[in-house]
Structures are given as C-alpha cells and as structure tokens.
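Side-chain atoms are counted along with the backbone in the values below, which use heavy atoms only and exclude waters and symmetry mates. This is a predicted model, so every value here is computed, not measured.
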Amino acid sequence: MHVTRLDARGLRRFADVSLSPAPGINLITGDNGAGKTSLLEALHLMAYGRSFRGRVRDGLVRAGDAALEVFVEWQERPAGTRVAEGPGRSRKAGLRHSGQEWTGRLDGGPVAQLGELCAALAVVSFEPGSHALITGGAEARRRYLDWGLFHVEPDFMGLWRRYTRALKQRNALLKARARDGQLDAWDRELAEAGEPLSRRRQHYLEDLQPTFAALADDLAPALGGTQLEYQPGWRRDELPLADALLLARDRDQLAGYTSVGPHRADWRIRYGALPGREALSRGQAKLTALAALLGQAEHHAQARGEWPVIALDDLASELDRQHQRRVLERLIASGAQVFITGTEAPPALAGLDADITRFHVEQGELRAG
C-alpha cells in the first residue's frame, strides 16, 4: 500500500497543500511549528478518524476556517494477490470535518460511518505520544486491537458495531431505571456479540505475540523477554458474559452504566526483567510502543500481503541513532512506504541504501526537494 496523493485544506497552518509522495522513504523537514507534523496528522485522521494529537476540534482545523478537508489517493493490492499480477488497484477517499460534523466519500460514494474510511486506508503512526499505548489508559489499547482487526478480518466491523449499539441501548435503559424484562433482551444481545468479539481480540493478540516479542528483544533487550496478555473485561474464565451481566445488574442500575464486558477490556505486557509497566523508563516505554506498532504493521503485511503506510513523526528526537537505523533498515527491507518528519534528516538515514524523496515545509508552504 502506498499513498500517491495527499491534499488538505484548512489544516492547521495550511490554507491549501498538496503532497505527491514516492513509494519508499519520504522525508519532510521544516522548523518547529512549520506544519510538517500536520501532514502526518491528515493521514492519521483518514486512517483512525482522529489526529494522534487528539480530537479534530482541538486545533486541527485552521483558525478562521469552518472545517478541514482531506483527500487521499493510494494504491493497494487486494488480499491474496501477488506482485506479478499487476500494480494493484487505485483507491481514493475524502473527508470534510468541522470538529463537530463530518462527511466522507470512499471510491466515489458516500460513507455512512467514519469506520468505513478508517478500515480502508491502513496507516501505522509512531509519534511523541505513542508511549501512551503502553503507559496510558485502556482505551488506546482497545483501539489498537480493533484497528488491526478491522483491517485483517472484514466482518469484524459488523460485530463491533453490533456490540456498540447494544451497549448504548443497555446504558440508556440503566440510566432510565428500566425494568429487568427490558434489560434481559439487551443482555442477550450484548452477550451474543461480546463473546465472539472478545475471542477475536484475544486470538489477534496471540497472533501478534511472536512478532512483538522478537521486535521487543531487538529494540529493548533489557526488558528480558515479553509476553502479551489479554484481559477480557470480565472474569471470562469463571463465567460467560451473559451471567456476568446478570450478576452485575444491580450494581449497574445504581451506577447507570454497564460495568463488565469487552468495552472494559485491556491487554498488558509481562516483562522478564521488570515487575511491570510502572518500572519502565520513558525511553523503554517508547521502544515497547514502537515494537507493538511495528509488530502490528508486520502482522498486517502477513495477513494482507502488503505493508501499511508507516508514519514516523520527529524520528530523530524520539530514537537514538542506533535505534533509528534498526527501524529504518527493517522498513527499507520491507518495501513499505514511509513518511519521516524532522527539523533535519535523521542521522541514521546517512549511508542507508534507499531512495529518499525530500520535502520541505516553510511558512505554511510545502515544496519538493
């Protein structure tokens, strides 16, 4: 998968910007605050429905503009096809987002759910806040699992939506102090969607384990070996979700929300040489997050037959030269399209056998070379 065109209007400092990247390494340089990271945010927005810096309304729309618009064209190879079968197919997507409302199009037709855009373009981003995947709250780790499943299991989105709708209905009934008979039906619906959703997440995490462990050993050997462990959001080894919901009903009616189920799921990492994530240094947390993200990208490549787009924001300040080189050598060998930003070229790029397409951002303007 590689992006052939990225256009944006009303994006932070850019009134109107267009980028035509190459399939390999794309280096975007510029002073701090020039807008280079905003280009990666635009890609991330199309792939996740939000910037990696937060929500659209938190400053992503250019001051004075009503909304931002992003348009992306890319080439992808359908799962199961081979390079010898041709260059793949061209796809395109557009999104207009005001911070409150949005409209989107995919391959010329309207989309009803933002998730349809997110499941189309695969982008894996590593940026200064990525350590929160390891040290932050569980929501980011659930999104990590679900993003991967959206891309490798096409029917997962329907299952996820079914569970989300049922959860919303049950929570509304709990807040309204509904009778048990009304809750019984939504408990069944939650259980019928939640049990397979939880199994999918666990199997996905188990599939990630070998690649993640190898990457973590390479990037952060001082961790002493790593093991991913899924936490389903209820005592699944003791009772099915339907029973857990029934047992929690009185508590949930008092609280006004559903306290057990896959929406409370999480995953953690056991470290051979550390007691837990609380003992990680900031640098170790970054490297662990990087191993998780690159492991997800490699798993995507194994399942789909092509790498997702890789976005590395401010690489030189996030990783030392040794780790930069390890990551870049792996990505160059993979053939992935890579976007790298920085105030200058990362030192590790020097001497690498790779074609580098260069861009520079200055005062809200982007130029090639």
Self-check item: Any donor-acceptor pair under 3.5 Å from R13 side chain to G33 backbone
Solution: yes
Exercise. Give a yes or no on whether the backbone of H2 and the side-chain of E76 come within a donor-acceptor separation of less than 3.5 Å.
Key: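 Checked: no pair found.
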Listing, residues 181-195 side-chain donor-acceptor contacts under 3.5 Å, not counting sequence neighbours, or none:
residue, atom, partner, partner atom, Å
Q182, OE1, R179, N, 3.3
D184, OD1, R249, NH1, 3.1
D184, OD1, R249, NH2, 2.8
D187, OD1, R170, NE, 2.5
D187, OD1, R170, NH2, 3.4
D187, OD2, R249, NH2, 2.7
E189, OE1, R162, NH2, 3.2
E189, OE2, R162, NE, 2.7
E192, OE1, R162, NH2, 2.9
E195, OE2, L241, N, 2.7

Quiz item: If you group Ile, Leu, Val, Met, Phe, Trp and Tyr by side-chain heavy-atom gaps below 4.5 Å, do L167 and L149 land in one group?
Solution: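 Shared cluster, yes.
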Quiz item: If you group Ile, Leu, Val, Met, Phe, Trp and Tyr by side-chain heavy-atom gaps below 4.5 Å, do V361 and L60 land in one group?
Solution: yes
Restricting to pairs with a member in [range], which pass salt bridge (Lys or Arg N to Asp or Glu O under 4.0 Å), not counting sequence neighbours?
range: residues 333-353; answer: none
range: residues 134-161; answer: E139-R143, R141-D266, D146-R201, E153-R200, D155-R200
range: residues 107-134; answer: R91-D107

Any salt bridge linking [X] with [Y]? Criterion: basic side-chain nitrogen under 4.0 Å from a carboxylate oxygen.
X: R330; Y: D218; answer: yes
X: E101; Y: R96; answer: no
X: R5; Y: D7; answer: yes

Quiz prompt | Residues clustered with F71, ILVMFWY side-chain links under 4.5 angstrom | solution =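 Taking Ile, Leu, Val, Met, Phe, Trp and Tyr as members, F71 stands alone, with no cluster partners.
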Those residues that, when tested against [X], pass side-chain contact (heavy atoms from CB on, under 4.5 Å) (two or more places apart):
X: T164; answer: W160
X: D16; answer: R9
X: A122; answer: M1, W147, H151, H300, P308

Quiz item: Mind checking what makes salt bridge (Lys or Arg N to Asp or Glu O under 4.0 Å) contact with E362, not counting sequence neighbours?
Solution: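 Residues passing salt bridge (Lys or Arg N to Asp or Glu O under 4.0 Å) with E362: none at all.
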Quiz item: How would you list, by chain and number, every residue that makes a salt bridge (Lys or Arg N to Asp or Glu O under 4.0 Å) with D207, sequence neighbours excluded?
Solution: none
Quiz item: Taking all atoms of both residues into account, what is the closest heavy-atom pair of L106 and A120, and its distance?
Solution: CD1-CB, 3.8 Å
Self-check item: Test log, rule side-chain hydrogen bond (donor to acceptor under 3.5 Å, both in side chains), inputs R251 and S259
Solution: CA-CA 8 Å; R251 181 178 69 230; S259 62; 2.9 Å; yes
Exercise. Check whether more than 12 heavy atoms from other residues, nucleotides or ligands sit under 6.0 Å from atom CG of D65, and answer yes or no.
Key: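 Atom CG in D65 is packed in, count exceeds 12.
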Exercise. Go through the structure and list residues passing side-chain hydrogen bond (donor to acceptor under 3.5 Å, both in side chains) with Q100, not counting sequence neighbours.
Key: none
Show me the donor-acceptor pairs, under 3.5 Å and distance only, between side chains in residues 310-323 and residues at least two apart or in other chains.
residue, atom, partner, partner atom, Å
D313, OD1, T37, OG1, 2.7
D313, OD1, T341, OG1, 2.5
D313, OD2, T37, OG1, 3.4
D314, OD1, S317, OG, 3.2
D314, OD2, S317, OG, 2.6
S317, OG, D314, O, 3.0
E318, OE1, K286, NZ, 3.2
D320, OD1, Q322, N, 3.2
D320, OD1, H323, N, 2.8
D320, OD1, H323, ND1, 2.9
D320, OD2, H323, ND1, 3.2
R321, NH2, P347, O, 3.3
H323, NE2, L219, O, 2.7

Practice problem: Give the intermediate values and the outcome of side-chain hydrogen bond (donor to acceptor under 3.5 Å, both in side chains) for residues S125 and H44. | Solution: CA-CA 7 Å; S125 303; H44 194 93; 2.8 Å; yes
Exercise. Establish, yes or no, whether a centroid distance under 6.0 Å links the rings of H299 and F212.
Key: no
